[in-house]
There are 2 protein chains.
Amino acid sequence: MAPNITKKIKEIALRVTPQRHAILKFLEGNVTHPSAENIHHKLLKKMPNISFTTVYNTLSKLVEAGKIQEVYIDPNKKRFDPRIDPHHHFYCKVCGKVFDVGYDAPFSVIINPLNTKKLDGHQVDEIQIYIKGLCKDCRSKR
Amino acid sequence: MAPNITKKIKEIALRVTPQRHAILKFLEGNVTHPSAENIHHKLLKKMPNISFTTVYNTLSKLVEAGKIQEVYIDPNKKRFDPRIDPHHHFYCKVCGKVFDVGYDAPFSVIINPLNTKKLDGHQVDEIQIYIKGLCKDCRSKR
DNA sequence: TTTTATTTTGTAATAATTACAAATATGGCA
DNA sequence: TGCCATATTTGTAATTATTACAAAATAAAA
Ligand SMILES: [Mn+2]
Ligand SMILES: [Mn+2]
Ligand SMILES: [Zn+2]
Ligand SMILES: [Zn+2]
């Protein structure tokens, strides 16, 4: 078991189980923004008994602890992202793929950092920019 | 029946039915971003037989025709918005209310209009900024 | 090794949305 | 105005994602 992943699990005061380890390892460096079902399906190959429920439970614990994030850009299901630094997302309406987009460049989205904590009297916790359209790959298939 | 609403239905080549009229009338000027269930529940008072399916069908036809928009900021369900001009949304994680936010002010979100059609080779159709946190009302109850 | 609390599993329940077909209503036309 | 073809509504059933639950298994502390 990779020690960095084991460490990450211990950091959030959870028991280190093969299932949790496998889920975190699968997500590490994964840029596809997989759904819970994607993750479960892939893990079944190496771990034929891992249950859907465990995948869901683990993912929500990881989200709660801030180790991964949920991305709500796909209208049909939650997608999960190991990247927790500020960035945004592009969703292809045809193939459903989700791509990362840098915070500013190359899209020139500028959020004034001075004002990001207050908005019409509301307390702002998160800002997500969701961009939808037709991805590069799907575009070239036309 | 209000003639402006009737006109809007005809514009999208649909038959004018009392159900469609009631749905559009309910949405007109509504700033609460109701869900399909909210809409159905309210309409039942005046129209005791209107079905869930009709509400869903009508809403998706209106979305398809660009007369209203779907807002995906609520992780549990679709919310509907009669405003189709560019603006963004704040979602209260406690009470679930959704508020409109102006495109630039007062939040100082600046999207460079020159670059909004291309992004890493992807074709951009929509940009939505979703802001989440604790709303004014919920904040004052703490 | 023993013990206990946590975790996993399998299954069932819930919630939102979509599919379908029979009954009904709309709008064009005689 | 009345008839008719087609679109729409309804009620119900199916689907999909997610959550709830309790018994069996396991991790980690003693
Ligand atoms: Mn991402
Ligand atoms: Mn709005
Ligand atoms: Zn695509
Ligand atoms: Zn609130």
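Side chains are part of it too, since the values below use all heavy atoms of this structure and drop only hydrogens, waters and symmetry mates. Naming: A, B, ... by sequence-line order, numbering from 1 per chain.
Whole-Å rounding puts the A:Ile9 CD1 to C:dT7 P distance at 11 Å. Taking atom CD of residue B:Glu37 and atom C1' of nucleotide C:dA15, one finds them 10 Å apart after rounding to whole Å. In this structure, A:Tyr72 places its OH atom 14 Å from P of C:dA16, rounding to the nearest Å. Between A:His21 atom NE2 and D:dA27 atom P there is a gap of 13 Å when expressed in whole angstrom units. Regarding B:Glu64, its CD atom lies at a distance of 12 Å from the P atom of D:dT8, rounded to whole Å. Taking atom CG on B:Asp74 and atom P on D:dT18, their separation rounds to 14 Å, with Å as the unit. Whole-Å rounding puts the B:Gln19 CD to D:dT9 C1' distance at 6 Å.
In terms of position along DNA chain D, the nucleotide closest to B:Val55 lies nearer the 5' end than the nucleotide closest to the other residue of the pair B:Val55 and A:Arg79.
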Original post:
Between A:Asn38 and A:Ser35, is a side-chain hydrogen bond (donor to acceptor under 3.5 Å, both in side chains) present by the stated rule, with each step listed?
Top reply: CA-CA 5 Å; A:Asn38 292 156; A:Ser35 67; 3.2 Å; yes
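Put simply, B:Arg20 has a side-chain N or O that comes within less than 4.0 Å of OP1 or OP2 on D:dT9. Checking the phosphate oxygens (OP1, OP2) of D:dT8, a side-chain nitrogen or oxygen of B:Lys61 falls inside 4.0 Å.
Counted within 6.0 Å of CD on B:Glu64, heavy atoms from surrounding residues, nucleotides or ligands total 12 or fewer; the atom is thus considered open. Crowding of B:Lys132 atom NZ: a count of heavy atoms from other residues, nucleotides or ligands under 6.0 Å exceeding 12. Few gaps surround NZ on B:Lys67; more than 12 heavy atoms of other groups in view lie less than 6.0 Å from it.
Residues A:Glu126 and B:Lys93 are paired through a salt bridge, judged by an N-O separation under 4.0 Å between the basic side chain and the carboxylate.
Within the structure, ring pair (Phe, Tyr, Trp, His ring centres under 6.0 Å) pairs that include any residue of residues 55-76 of chain A comprise A:Phe52-A:Tyr56 (at least two apart or interchain).
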Letter by letter from the 5' end, nucleotides 18-30 of chain C scores (B base, S sugar-phosphate only, - none; protein heavy atoms under 4.0 Å) BBB----BBS---
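Set against C:dA16, C:dT8, D:dT9, the side chain of A:Thr54 has C:dT8 as its closest nucleotide.
Residues A:Val124 and B:Ile131 approach most closely at CG1-CG2, 3.6 Å, considering heavy atoms.
Side-chain atoms of B:His89 and B:Asp81 form a donor-acceptor pair, as typed in the model, at a separation below 3.5 Å.
In this structure, the ring of B:Tyr130 has its center less than 6.0 angstrom from the ring center of A:Tyr130.
Of all the residues in residues 38-50 of chain B, not one reaches under 4.0 Å from DNA chain C with any non-hydrogen atom.
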